[in-house]
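Some notes on the structure that comes next.
Each chain gets a letter, A, B and so on, in the order the sequences are listed, and its residues count up from 1.
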2 protein chains.
Amino acid sequence: MTVKSIKFSLDFRSGTPIYLQIMDQIRQMVAKGELVQGDQLPTVRQLATDLRVNFNTVARAYRLLDQAGLISTQHGRGTYIWEEPTDETIHQLRQQSLDGLTRRFLHEAHRLGASPEDVLSIVDQSINYWKVNGDPPKPDLD
Amino acid sequence: MTVKSIKFSLDFRSGTPIYLQIMDQIRQMVAKGELVQGDQLPTVRQLATDLRVNFNTVARAYRLLDQAGLISTQHGRGTYIWEEPTDETIHQLRQQSLDGLTRRFLHEAHRLGASPEDVLSIVDQSINYWKVNGDPPKPDLD
DNA sequence: TGTGTAATTGTATAAATGTATTATTGCCAT
DNA sequence: ATGGCAATAATACATTTATACAATTACACA
C-alpha cells in the first residue's frame, strides 16, 4: 500500500545517462536492503516529477530493471521490487525457462483435448507470423 | 444456488492483461466441460477478491464474454454460463482456447529472449515425444 | 401480504499507472 | 558543417483501479 520513497539525486552533467543513474541507485538500495521484495516503487510519473525528468526516462529505467528480473512493472498497477536471488527465485526462474514453459503449454493443450498435430499446426502458423512480423501474435483475440 | 468455484491463478508479470487471462481461463473451463449452461460464476467482487484484483477488471472480462455470447451477466442477479455447449460451440471454444494458449506461450517465450527457431525446435522435440509416448512430457520434472 | 430498508450484484465514469510510437535534442566521427 | 545515433521528451494509448450509481434480492415487520 505504502509506496517506498526513493531519495537520491542525479548528476545531469556527469555524462552518464539519467536512466542508468536511476537503475544504479535502485540496484544499490536493493543491495543495501533499503528496498525488499514486495515494496512498491514510486510511479514513473511521481519519480519523474521528483527528479525533474520526463517520465519516459524513468519508465525506461524501470523497463530495463524489469527485464533484468529485479523489479516487476505491472500495467495500471504499479512497480514492485521482485525478489532477491534466493533459491526460491532460482526455482521460479527455472520454471520460467523455455523448457518448462513449453511443457506447461503442451500439458494445457493436451488437457484441452488437442492432438499433437493440432498443436504443431497452430504453433507453426504463429511462428511463421513471428518470423514475418518480427514479433509473435499479440495475446488479444482477433 | 451453488456458485461454481473457479480456481486459477494469474501471472502479473507475464504482460498479458489480467482480463484476457480471466477470459481465457473461463473459456477453457467451458471447453473442458467444467462449466456448463446455467452454472453461476462467482460474483465480480468474489472472484476479484480471490484473484487479488479490482472487481472492475473481472467485470471487464465478464462483459466481454457476455458480448461474445458465452455468459450472461445480469445486473443485480449474477453471472451465468449461457450457451448450451453444443459440439460446434465446444469445437469453437477449444480452437479459441488453444489459440489463446499458444499466443501467451509465444509471448512469454519472446519475453524470455527466445527466437522463433528456438521455440520451434523445442516444440518439435516435445511434440515428437508426445507422439511416441501418447502423452506430452510432464510439466514439472525437476 | 405488502412494504420499507439493507445487502448484494453488476454498471458507468473518471483517475491513476505503465506502454508504444514518434519527435526532438545533443554529441561525435567524418 | 553534417549525417548518424543515443538519450530524452512529447503525445496518444491500454490497463487497472477508485468511486459513485442502479438493479435485484433478502428480510424484518406491520
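Remark: C1' of dA15(C) and CD of Gln46(A) are 15 Å apart, rounded to the nearest angstrom. Taking atom OH of Tyr62(A) as the reference point, atom C1' of dA20(C) lies 19 Å away to the nearest angstrom. The CZ-P distance, from Arg45(A) to dT17(C), rounds to 9 Å in whole Å.
Remark: the Asp124(B) side chain and the Ser121(B) side chain contain no N/O donor-acceptor pair separated by less than 3.5 Å. Residues Gln21(B) and Ser14(B) bring a donor and an acceptor atom of their side chains to less than 3.5 Å of each other.
Residue contacts for Thr57(B): at a heavy-atom cut-off of 4.0 Å it reaches a base atom on one of the strands shown. Here Phe55(B) lies in heavy-atom contact (under 4.0 Å) with a base. Here Arg63(A) lies out of heavy-atom contact (under 4.0 Å) with every strand.
Judged by atom type and distance alone, Asn56(B) reaches the base of dT19(D) through a side-chain donor-acceptor pair under 3.5 Å. The base of dG18(C) lies outside donor-acceptor range of the side chain of Arg77(A), with no N or O pair under 3.5 Å.
Thr73(A) has a side-chain polar atom (N or O) that falls below the 4.0 Å cut-off from OP1 or OP2 of dT19(C). An OP1 or OP2 oxygen of dG18(C) is reached within less than 4.0 angstrom by a side-chain nitrogen or oxygen of Thr79(A).
Electrostatic pairing of Arg27(A) and Asp24(A) counts as a salt bridge here, judged by a charged N lying under 4.0 Å from a carboxylate O.
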